[in-house]
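Reviewing the structure listed below.
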Amino acid sequence: MMLKHRRYLLLIIVILLINSCVYIPTPEHGVGVVPDEAMNFLVPGETTRADVILRFGDPIQRLEEDRFFLYHWKLIDGYIIAWGGMGAPTEDLNYLCMEFTHENLLKRWKHFEGGFWFNHPEKQIMEWMKDKELTPK
């Protein structure tokens with residue numbers, strides 16, 4: 001009788017292990033990542049548009065005749081393993097947004113972070129671009 005209970009217990013444990021999810025953290029990595037230290041390079045009123053392009057390359061988007069630059073990357077900080085070995089990375093979307101003056105100087109910049117499946121920062125970016133109060137004169 002005791003052996004029968006052990007088999008059921010073992011079966012339940014195996015089913016739970018097969019059907020559960022496991023998160024495996026990794027060091028943060030991704031393609032085109034702009035590290036926080038590199039953002040210290042951005043000094044409003046001093047950094048030029050050419051400096052930015054030389055440092056970070058061409059932006060993924062240029063808006064309003066190069067007034068705004070947007071850089072984008074996905075930062076992977078781990079993997080979720082589920083259903084018997086199928087895995088997927090956990091990703092955070094990142095955007096580095098910059099505004100330039102007509103004299104090609106950096107006016108302001110902001111780093112936006114959001115989840116891959118939720119909390120996308122697109123609305124925040126658009127509000128930031130439209131907000132004239134944040135723009136130094």
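For clarity, every value in this text was computed on a predicted model and none was experimentally measured. Just so you know, these numbers use all the heavy atoms, side chains as well, and skip hydrogens, waters and symmetry mates.
In this structure, Lys123 NZ and Met126 CE are separated by 12.0 Å, a value rounded to the nearest 0.5 Å. In this structure, CD on Gln124 lies 11.5 Å from OH on Tyr95, to the nearest 0.5 angstrom. The SG atom of Cys97 sits 10.5 Å away from the CH2 atom of Trp109 when rounded to the nearest 0.5 Å. The line from NZ of Lys110 to CE of Met39 is 12.5 Å long, rounded to the nearest 0.5 Å. Here the CD1-CG distance, from Ile125 to Leu63, works out to 10.0 Å after rounding to the nearest 0.5 Å. For the atom pair Thr47 OG1 and Leu42 CG, the distance stands at 5.5 Å (nearest 0.5 Å).
Listed here is the closest heavy atom pair of Lys107 and Pro44: O-CB, 3.4 Å. Here the closest non-hydrogen pair linking Leu106 and Met98 is CD1-CB, 3.7 Å. Taking each heavy atom of Phe112 and Pro121 in turn, the nearest pair found is CB-CB, 3.9 Å. Closest heavy-atom contact between Gly45 and Leu105: O-CD1, 3.7 Å. In this structure, Tyr71 and Ile53 approach most closely via the heavy-atom pair OH-CA, 4.3 Å.
When the side chains of ILVMFWY residues are joined at heavy-atom separations under 4.5 Å, either directly or via intervening members, Phe41 and Leu96 end up in a single hydrophobic cluster.
A cation-pi arrangement is absent between Arg62 and Phe68, since the terminal nitrogen or guanidinium carbon is not both under 6.0 Å from the aromatic centre and inside a 45° cone about the axis.
For the pair Asn94 (side chain) and Asp92 (backbone), a donor-acceptor distance under 3.5 Å is present. Looking only at distances, no side-chain donor or acceptor of Asp131 sits under 3.5 Å from a matching main-chain atom of Trp128.
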CA sep, side-chain torsions, deciding dist, call: Arg67, Glu99, side-chain contact (heavy atoms from CB on, under 4.5 Å): CA-CA 6 Å; Arg67 178 177 164 199; Glu99 180 180 8; 2.6 Å; yes
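Taking the six-membered ring where the residue is Trp, Trp73 and His111 present parallel rings, their angle staying beneath 30° rather than reaching 60°.
For Phe100 and Phe69, the gap between ring centers is short of 6.0 Å.
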